[in-house]
Amino acid sequence: MTRKMYIHITLISFIIGLMLAVQYNTVQSPEKKETTDVWEIRQDLSDEKKLHSELLTNIRQAQDIVRKYEDKELGDPEAILAQTVEDLQEAAGLKEVTGPGITISITPSPELIAFGYEINEISPSLLIRLVNDIYRYKGHYIELNGQRVIHSSAIRDINGKTTVGSVPIGKTNVEMIVITETEEEAAKLYNHLMASSFMDEFFIDNMMLTVEQPETTLTVRATDMDIRNTYLTEHKGD
């Protein structure tokens with residue numbers, strides 16, 4: 001009888017110990033919840049909302065132009081047409097643009113120069129990411145080392161050289177001028193770039209990214225590239 005009692009006590013103690021061990025392990029190593037996907041979805045949703053807002057703004061602007069054409073009392077339709085053409089030329093990069101904005105410099109790390117290391121070209125993929133991020137934060141007009149960046153400008157590697165529209169940008173002293181619509185947008189773009197990971201990413205590539213304080217007046221030149229109209233044709237009147 002005593003032996004059976006000891007066996008029962010041993011079994012009960014083993015079960016209690018096992019339960020305590022499982023509970024302790026659960027407390028010490030709680031299940032990790034996967035949050036990366038949630039944050040990625042939230043970021044994608046935020047980007048889509050910004051795009052939706054920009055599309056609505058463009059639609060309103062187009063509707064305003066249509067109303068001006070329909071309302072003859074507002075003025076001369078020819079003047080409205082001329083203004084529309086001028087706005088389109090400005091957006092397409094065919095005209096010089098002046099306005100508030102920021103200046104960005106990309107230079108080799110001083111350590112590389114001091115110790116005589118070989119200076120490599122700026123990564124085209126990193127430069128593309130930077131340009132796309134500038135566009136996303138309302139940097140409407142960009143000039144990169146004297147080359148106006150437009151919708152058809154290709155940033156790529158050609159024979160080991162990083163080029164913008166087939167023009168090499170060089171290895172040193174790369175300067176970007178970015179124009180925004182308002183001073184507030186210029187300040188937001190500046191703050192975003194200062195808080196972003198781009199400085200660390202360029203530093204990994206042995207480059208220094210410097211963002212200057214926003215200025216009220218900067219100028220980007222017009223493009224000297226030929227813009228081809230693939231789908232538009234000139235209408236010849238009777």
Side-chain angles (χ1 to χ4, degrees), residues 42-43 46-47 49-51 53-54 57-58 61 86-87 89-114 117 119-151 153-155 162-165 167-225:
R42 289 173 65 89
Q43 183 62 48
S46 175
D47 293 342
K49 283 187 174 181
K50 290 179 181 178
L51 178 60
S53 177
E54 291 176 3
T57 300
N58 292 336
Q61 291 175 348
E86 184 175 347
D87 293 340
Q89 288 177 336
E90 187 176 279
L94 297 174
K95 295 191 65 177
E96 182 181 275
V97 179
T98 299
I102 60 174
T103 301
I104 303 170
S105 299
I106 305 172
T107 56
S109 172
E111 290 81 2
L112 290 181
I113 300 175
Y117 285 97
I119 300 173
N120 296 321
E121 294 280 341
I122 297 173
S123 167
S125 60
L126 185 54
L127 191 58
I128 290 172
R129 284 186 50 218
L130 176 61
V131 169
N132 287 339
D133 208 51
I134 289 172
Y135 280 136
R136 192 160 64 93
Y137 278 84
K138 305 296 182 66
H140 298 286
Y141 313 104
I142 301 175
E143 179 183 313
L144 203 160
N145 265 21
Q147 296 293 320
R148 178 71 177 270
V149 179
I150 58 175
H151 70 283
S153 297
I155 300 176
T162 301
T163 62
V164 178
V167 178
I169 63 173
K171 295 182 179 180
T172 60
N173 300 327
V174 175
E175 184 180 79
M176 298 177 66
I177 301 175
V178 183
I179 302 294
T180 59
E181 293 288 349
T182 64
E183 293 183 22
E184 182 181 3
E185 289 179 352
K188 288 182 178 179
L189 176 59
Y190 169 81
N191 292 331
H192 166 70
L193 292 176
M194 293 297 293
S196 71
S197 63
F198 280 111
M199 292 189 180
D200 292 334
E201 294 182 47
F202 275 97
F203 186 76
I204 292 173
D205 284 355
N206 296 318
M207 294 288 176
M208 299 289 293
L209 179 70
T210 304
V211 184
E212 303 294 340
Q213 288 281 346
E215 299 183 41
T216 56
T217 304
L218 288 172
T219 300
V220 296
R221 67 186 66 188
T223 182
D224 54 4
M225 295 175 57

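These values consider heavy atoms only, across backbone and side chains, with no hydrogens, waters or symmetry-generated copies.
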In sequence, state the C-alpha distance, the side-chain angles, and the governing distance for L144 and I169, and then conclude on side-chain contact (heavy atoms from CB on, under 4.5 Å). CA-CA 8 Å; L144 203 160; I169 63 173; 3.7 Å; yes
Could you walk me through whether V220 and R148 pass the side-chain contact (heavy atoms from CB on, under 4.5 Å) test, one step at a time? CA-CA 7 Å; V220 296; R148 178 71 177 270; 4.1 Å; yes
Decide yes or no on side-chain contact (heavy atoms from CB on, under 4.5 Å) for K188 and Y137, but give the supporting numbers first. CA-CA 8 Å; K188 288 182 178 179; Y137 278 84; 5.7 Å; no
How far apart are the C-alpha atoms of L130 and Y135, what are their side-chain angles, what is the distance that settles it, and do they pass the side-chain contact (heavy atoms from CB on, under 4.5 Å) test? CA-CA 9 Å; L130 176 61; Y135 280 136; over 6 Å; no
Walk me through whether K138 and E181 qualify under salt bridge (charged side-chain N to carboxylate O under 4.0 Å, His left out). CA-CA 8 Å; K138 305 296 182 66; E181 293 288 349; over 6 Å; no
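Residues V167 and Q147 come closest through the heavy atom pair CG1-NE2, 3.7 Å. Between P124 and I155 the shortest heavy-atom distance is O-CG2, 4.1 Å. Across all non-hydrogen atoms, the minimal contact from A186 to P214 is O-CG, 3.9 Å. Nearest heavy atom pair, residue E121 against residue T162, reads OE1-N, 3.4 Å. The two residues H140 and E185 make their nearest non-hydrogen contact at NE2-OE1, 3.7 Å.
Residue pairs meeting the side-chain hydrogen bond (donor to acceptor under 3.5 Å, both in side chains) criterion with at least one partner in residues 198-209, sequence neighbours excluded, are R129-E201, S197-E201.
Side-chain atoms of I177 and I142, non-hydrogen and from C-beta on, never get closer than 4.5 Å to each other. Side-chain contact between I104 and L209: present, with at least one pair of heavy atoms (C-beta onward) separated by less than 4.5 Å. The side-chain heavy atoms of L193 and I102, taken from C-beta on, include a pair separated by under 4.5 Å. Side-chain atoms of F203 and M208, non-hydrogen and from C-beta on, do get closer than 4.5 Å to each other. For the pair L189 and T180, the minimum side-chain heavy-atom distance is below 4.5 Å.
Interatomic distance, CD1 of I134 versus CZ of F198, reported as 8.0 Å (0.5 Å rounding). Rounded to the nearest 0.5 angstrom, E175 CD and E212 CD are separated by 8.5 Å. The OG atom of S109 sits 9.5 Å away from atom CE of M207, with the distance rounded to the nearest 0.5 Å.
In this model, a donor atom of one side chain and an acceptor atom of the other lie less than 3.5 Å apart for S123 and S125.
Put simply, the residue from T210, L126, L127 that forms a side-chain contact (heavy atoms from CB on, under 4.5 Å) with I106 is L127. Of the residues M176, H192, M194, the one that meets the side-chain contact (heavy atoms from CB on, under 4.5 Å) test with V211 is M194.
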